[in-house]
Amino acid sequence: MRLLLLSNSTAPGHGPLEHARAEIADALGGARRMLFVPYAQADHDAYTAAIAGALAPLGVQVRGAHTADRPATLLEEADAVFIGGGNSFRLLTALHRHGLIPAIRAKVAAGALYMGSSAGTNMACPTLRTTNDMPIVQPPSFDALGLVPFQINPHYLDPVPGSTHMGETRAKRIAEFHEENDVPVLGLREGTWVRADQGRLTLGGVAAGAVLFGRGRAPVEYGPGADLSALLNTEPAFDNPLG
């Protein structure tokens with residue numbers, strides 16, 4: 001599978017996708033017809049227009065999935081699929097409603113590039129369970145695309161030393177996930193991404209890198225260029241509580 005999974009689509013001081021434009025261009029190869037899935041945000045037209053403008057310098061033609069009564073049929077004309085960020089509960093609900101889960105899986109298995117950012121990166125995982133979002137709607141299932149066998153936490157934030165905030169840190173929430181599930185979780189910091197191609201998974205982006213969490217193991221830090229291919233061999237065990 002060919003995957004490009006971004007932690008975020010917009011970085012400070014940059015326009016949409018600008019911080020990752022070179023990586024996107026390389027991942028696309030000769031692909032120039034992209035189906036954009038805008039369901040994570042409420043204004044589908046505006047969101048699609050913003051992404052089309054961001055990818056225009058690469059010669060990419062973008063069509064929004066929302067422009068067809070049966071969005072899955074538009075996959076026939078596309079050679080790349082991009083699911084953008086927003087609220088992941090709203091997004092997953094729409095993917096199930098429109099029958100896009102099996103359709104996108106099949107398209108990517110056939111060789112199309114899958115791009116995700118934020119909530120779209122969550123969708124590449126087996127389940128929604130490591131999202132940061134509020135459940136503003138109820139999807140019929142937490143099952144996502146399962147393009148990778150591990151979980152990702154986009155926009156990963158490190159604990160702030162000396163903070164007086166009494167809420168849970170992101171690391172604590174992931175620890176709670178591991179109390180119930182034995183599945184690696186890759187925390188992607190802002191400005192980072194992972195790319196899968198020809199059976200290899202590589203970390204890219206800014207120097208901050210990513211942190212990998214596993215049940216019963218200390219977190220492991222990785223920098224840009226790290227080979228994370230071993231994660232592609234993960235055998236996830238969901239609903240597998242400790243003890």
Side-chain angles (χ1 to χ4, degrees), residues 1-9 17 19-37 55 58 60 75 78-85 88 91-92 95 100-131 143-156 183-206 208-214 220-236 238:
M1 290 189 179
R2 297 167 54 224
L3 311 172
L4 180 57
L5 308 177
L6 308 168
S7 179
N8 51 295
S9 59
L17 302 176
H19 68 294
R21 185 176 292 166
E23 190 74 18
I24 293 169
D26 190 60
L28 283 167
R32 290 296 179 269
R33 298 175 301 171
M34 176 177 285
L35 181 67
F36 178 62
V37 181
L55 294 176
L58 301 181
V60 177
L75 287 166
D79 41 30
V81 181
F82 178 28
I83 301 185
S88 55
L91 171 58
L92 185 58
L95 293 182
L100 283 167
I101 297 285
I104 292 175
R105 283 175 181 160
K107 186 70 178 181
V108 176
L113 172 70
Y114 176 89
M115 277 180 50
S117 66
S118 188
T121 288
N122 279 131
M123 295 303 104
C125 302
T127 175
L128 186 64
R129 299 184 198 192
T130 52
T131 181
D143 291 345
L145 291 166
L147 303 179
V148 295
F150 59 95
Q151 290 295 124
I152 296 174
N153 179 242
H155 307 287
Y156 177 77
V183 186
V185 179
L186 185 65
L188 285 179
R189 296 186 175 96
E190 296 292 87
T192 65
W193 54 78
V194 286
R195 181 173 168 186
D197 195 8
Q198 297 183 346
R200 186 180 181 192
L201 185 72
T202 307
L203 178 66
V206 300
V211 56
L212 181 64
F213 297 87
V220 180
E221 293 282 347
Y222 291 96
D227 186 346
L228 301 177
S229 303
L231 287 174
L232 297 176
N233 299 319
T234 296
E235 295 185 4
F238 291 100

So do the side chains of Ile104 and Met123 get within less than 4.5 Å of each other, counting heavy atoms only?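 They are not in contact (no side-chain heavy atoms under 4.5 Å apart), so the answer is no.
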Any side-chain to backbone donor/acceptor pair from [X] onto [Y]? Under 3.5 Å, distance only.
{"X": "Arg2", "Y": "Met115", "result": "no"}
{"X": "Thr131", "Y": "Leu128", "result": "no"}
{"X": "Arg200", "Y": "Asp227", "result": "no"}
{"X": "Ser7", "Y": "His155", "result": "yes"}
{"X": "Arg105", "Y": "Leu147", "result": "no"}
{"X": "Asp79", "Y": "Ala31", "result": "no"}
{"X": "Asn8", "Y": "Ser118", "result": "no"}
{"X": "Thr121", "Y": "Gly116", "result": "yes"}
{"X": "Gln151", "Y": "Thr127", "result": "yes"}

Once rounded to the nearest 0.5 Å, what's the spacing between atom NE2 of His19 and atom CD of Glu190?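 Separation between the atoms: 8.0 Å.
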Could you state the interatomic distance from CG (Leu28) to CG (Leu4), rounded to the nearest 0.5 Å?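 If we round to the nearest 0.5 Å, Leu28:CG and Leu4:CG are 8.5 Å apart.
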Can you name the nearest heavy-atom pair linking [X] to [Y], along with the distance?
{"X": "Leu3", "Y": "Val108", "result": "CD2-CG1, 4.1 Å"}
{"X": "Val206", "Y": "Pro224", "result": "O-CG, 3.1 Å"}
{"X": "Trp193", "Y": "Leu203", "result": "O-CD1, 3.3 Å"}
{"X": "Leu231", "Y": "Pro184", "result": "CD2-CB, 3.9 Å"}
{"X": "Val194", "Y": "Ile152", "result": "CG2-CD1, 4.3 Å"}
{"X": "Ile83", "Y": "Tyr114", "result": "CD1-OH, 3.4 Å"}

Return the set of residues passing salt bridge (Lys or Arg N to Asp or Glu O under 4.0 Å) with Arg129 (not counting sequence neighbours), or none when no residue passes.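 Arg129 satisfies salt bridge (Lys or Arg N to Asp or Glu O under 4.0 Å) with Asp239 once adjacent residues are dropped.
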Quick one: which of Leu201, Thr130, Val185, Leu228 gives a side-chain contact (heavy atoms from CB on, under 4.5 Å) with Phe150?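 Option passing the side-chain contact (heavy atoms from CB on, under 4.5 Å) with Phe150: Leu201.
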Apply side chain to side chain contact (heavy atoms under 4.5 Å, CB included) to residues Leu17 and Phe82 and explain how you reach the verdict. CA-CA 12 Å; Leu17 302 176; Phe82 178 28; 3.8 Å; yes
Does the pair Ile101 and Asp143 meet the rule for a side chain to side chain contact (heavy atoms under 4.5 Å, CB included), with working shown? CA-CA 9 Å; Ile101 297 285; Asp143 291 345; over 6 Å; no
By side chain to side chain donor-acceptor pair (under 3.5 Å) - contacts of Asp197 (at least two apart): none
Give the intermediate values and the outcome of side chain to side chain contact (heavy atoms under 4.5 Å, CB included) for residues Val211 and Val220. CA-CA 5 Å; Val211 56; Val220 180; over 6 Å; no
Trace of the side chain to side chain contact (heavy atoms under 4.5 Å, CB included) decision for Tyr156 with Leu186: CA-CA 9 Å; Tyr156 177 77; Leu186 185 65; over 6 Å; no
